[in-house]
Chemist: 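Shown below is the structure under consideration.
What you are looking at is a predicted structure, and each value in this text was computed from that prediction instead of being measured. Order of the sequence lines sets the chain letters (A, B, ...), proteins ahead of strands, with each chain counted from 1.
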Amino acid sequence: MSSDATTAQEALTFTDLGLSPKVLSAVTDAGYTKPTPIQAGAIPHALLGKDVLGIAQTGTGKTASFVLPMLTRLEKGRARARMPRTLILEPTRELAAQVEENFIKYGKNHKLNIALLIGGVSFDEQDKKLERGADVLIATPGRLLDHRERGKLLLNGVEILVIDEADRMLDMGFIPDIERICEMIPFTRQTLFFSATMPPEITKLTEKFLHAPVRVEVSKAASTATSITQRLVKSGSKPWDKRETLRNLIKAEDSDLKNAIIFCNRKVEVSELFRSLLKHDFDAGALHGDMDQRARMQMLANFRDGKLRYLVASDVAARGLDIPDVSHVFNYDVPIHAEDYVHRIGRTGRAGRSGKSFTIATRSDTKYVDAIEKLIGTKIEWHDGDLSTVTESEGEDSPRRGRGTPRRAGRKDEDRKGRGERKKERHARHGEDEMPETAREEQPVAEVADIAERRVRKDAIRSENDRKGSANRNEQRGNGRSQRDHNRPARHRQEEDDATVGFGDDVPAFMRIVAKV
DNA sequence: AAAAAAG
């Protein structure tokens with residue numbers, strides 16, 4: 001490590017950093033004048049072609065700290081077919097897409113070919129972009145290696161390599177892939193390496209793949225602790241109890257609540273809660289890794305644009321996602337790993353705003369709550385009395401839940417069961433009148449993803465209609481429906497027809513229709 | 001007890 005980049009950041013503006021006029025003009029147009037500490041520290045060195053080790057959390061302006069100097073450096077030279085000039089590795093598809101957006105935003109004065117290589121979407125378009133010659137290649141590791149193995153991609157022309165969120169890659173078991181990829185790229189490259197923390201494995205990686213890096217360390221966004229109000233909320237431990245707790249909480253917060261991310265620990269819970277909220281007329285979307293990629297993208301976009309007020313999500317959304325104005329974070333489940341708590345609540349209180357987080361806790365969560373409090377170094381206040389006052393509803397063996405009703409099945413269980421058996425179980429559950437309404441809303445992940453996807457399609461059709469400004473909606477609708485829809489079972493088609501009733505510009509009506517299903 | 005990523 002050569003030097004710590006300590007500069008008088010107060011005095012700095014973007015014009016002092018050595019960026020090209022094209023980049024500066026895009027930065028100005030985006031409304032920024034003053035670089036963040038990580039930007040001020042990293043950009044001058046990155047522009048000189050040095051390796052950079054950036055230690056910074058998300059939300060510190062880290063992305064621009066590599067995007068801006070890369071754009072400046074890319075102005076010289078051209079990309080050749082199948083030989084990208086730069087490569088950015090990201091741990092999740094959403095983060096990769098977010099980086100692409102940054103390149104589009106700040107690269108608007110450049111003529112750049114940007115290729116996004118992520119899983120869950122078709123190869124064709126990605127192949128075409130590679131063939132054309134990519135100046136910027138943004139990828140998740142799996143899909144990148146897939147392209148390489150198919151011979152569509154040569155990495156020996158890469159001039160700049162960015163490894164982002166390295167510690168998260170480690171958590172996700174990507175390090176062997178990262179090492180493989182690093183070894184495919186000539187060592188004459190420049191490497192920009194970012195991590196929020198520096199566990200020993202990551203330090204080893206930097207020693208192996210970075211050459212005399214400039215270390216830029218940014219203290220944790222001091223705002224996190226101060227601008228987020230944190231509360232614990234007691235709840236009975238049954239799913240219907242927790243859902244009711246959540247609904248009451250949301251309603252009580254209504255006047256303060258602009259929008260909220262609601263985190264669950266598991267994908268099935270995301271699906272269940274999502275459906276439940278729709279049923280109760282909440283303006284909700286869902287996001288987890290088993291959903292169709294288009295649905296994932298659309299849900300996130302709609303939440304960002306304010307078309308959805310609530311986003312029920314797994315930890316895929318816990319880190320790094322840049323959604324500027326989230327007023328509330330609800331933890332429907334206490335995260336099992338304390339660090340995840342910090343990442344989750346960090347989705348609110350961003351950019352100097354204040355935020356609120358509520359964590360629903362049951363008796364069995366005590367030890368996880370303790371671990372969180374230990375990690376953050378403070379006790380979290382209870383919102384409305386602690387768990388000693390909570391009343392648990394009946395257990396699973398009780399008549400309330402009914403005989404033989406299986407406990408919530410994990411995905412593996414679901415997969416092992418035949419269709420018929422699952423159907424039988426659903427029928428059994430529906431026969432139980434005394435069971436709370438919300439307790440019945442169980443639905444395999446795939447089906448919810450399917451619903452999500454149909455919503456996405458409707459949304460797409462709607463924007464298409466808006467764009468054309470057509471007078472004849474019915475005709476448009478007919479045209480907009482794909483062949484696949486006609487192949488759907490009648491019940492689904494019916495839903496879709498229902499859903500298009502009252503297709504207005506003001507109200508996303510399709511949501512309420514889905515809720516009636 | 002989970003999630004993420006290549007199918």
Side-chain angles (χ1 to χ4, degrees), chain A residues 58 88-99 116-124 126-127 138-153 163-181 196 237-239 242 261-274 286-293 296-297 300 311-321 331-344 347 360-369 371-372 396 407-415 445-446 449:
Chain A
T58 51
I88 298 120
L89 292 171
E90 294 289 333
T92 68
R93 298 169 185 175
E94 275 74 16
L95 283 178
Q98 194 169 287
V99 170
L116 178 66
L117 304 191
I118 58 174
V121 293
S122 87
F123 282 88
D124 293 356
Q126 298 180 356
D127 283 341
I138 305 152
T140 46
R143 183 52 75 96
L144 181 90
L145 289 169
D146 212 341
H147 274 283
R148 215 194 93 95
E149 277 153 25
R150 291 157 20 114
K152 298 282 183 186
L153 176 61
I163 296 165
D164 197 14
E165 303 262 330
D167 50 352
R168 191 168 179 205
M169 302 251 204
L170 174 73
D171 291 346
M172 291 167 65
F174 283 170
I175 296 304
D177 287 347
I178 299 301
E179 290 188 312
R180 271 180 68 201
I181 294 166
S237 55
K238 297 289 170 283
K242 290 179 78 170
I261 304 181
I262 304 163
F263 284 104
C264 302
N265 285 356
R266 294 184 302 190
K267 288 177 281 202
V268 276
E269 279 169 341
V270 172
S271 304
E272 284 167 14
L273 183 59
F274 167 57
L287 185 66
H288 66 70
D290 277 354
M291 279 166 55
D292 172 274
Q293 186 58 29
R296 281 170 69 163
M297 296 281 199
L300 192 56
L311 186 68
V312 189
S314 69
D315 278 317
V316 69
R319 300 199 204 187
L321 284 192
N331 288 313
Y332 177 76
D333 296 309
V334 180
I336 294 163
H337 294 296
E339 323 85 75
D340 288 336
Y341 175 83
V342 181
H343 292 296
R344 287 180 181 185
R347 294 311 96 204
I360 297 177
T362 70
R363 290 222 169 105
S364 50
D365 293 322
T366 314
K367 60 179 169 179
Y368 300 116
V369 172
I372 290 165
E396 279 168 359
R407 69 186 310 131
R408 192 59 222 120
R411 197 166 147 244
K412 275 176 195 150
D413 287 348
E414 292 279 80
D415 287 347
V445 173

Chemist: What does nucleotides 1-7 of chain B look like as a protein-contact string, B for base, S for sugar-phosphate only, - for none, at under 4.0 angstrom between heavy atoms?
Modeler: BBSBBSS
Chemist: Does the ring of A:Phe263 carry A:Arg347 above it, NZ/CZ under 6.0 angstrom from centre and within 45° of its axis?
Modeler: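 No, a cation-pi geometry is absent between A:Arg347 and A:Phe263.
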Chemist: Taking distance alone, no hydrogens or angles, what donor-acceptor pairs closer than 3.5 Å link side-chain atoms of residues 91-99 of chain A to residues at least two apart or in another chain?
Modeler:
unit_1, atom_1, unit_2, atom_2, d
A:Thr92, OG1, A:Leu95, N, 3.3
A:Arg93, NE, A:Gly119, O, 3.4
A:Arg93, NH1, A:Gln293, OE1, 2.9
A:Glu94, OE1, A:Arg296, NH2, 2.6
A:Glu94, OE2, A:Arg296, NE, 2.8
A:Glu94, OE2, A:Arg296, NH2, 3.4
A:Gln98, OE1, A:Arg304, NH2, 2.9
A:Gln98, OE1, A:Asp322, N, 2.9
A:Gln98, NE2, A:Gly320, O, 3.1

Chemist: Considering residues at least two apart in sequence or located in another chain, which fulfil the side-chain hydrogen bond (donor to acceptor under 3.5 Å, both in side chains) criterion with A:Arg363?
Modeler: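 Scan of A:Arg363 (side-chain hydrogen bond (donor to acceptor under 3.5 Å, both in side chains), adjacent residues dropped) gives none.
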Chemist: Below 4.0 angstrom, N of the basic side chain to O of the carboxylate: do A:Glu149 and A:Arg180 qualify?
Modeler: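 Yes, this pair counts.
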Chemist: Do A:Asp315 and A:His337 make a side-chain contact, defined as non-hydrogen atoms from C-beta onward lying under 4.5 Å apart?
Modeler: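 With C-beta onward as the side chain, the pair stays apart.
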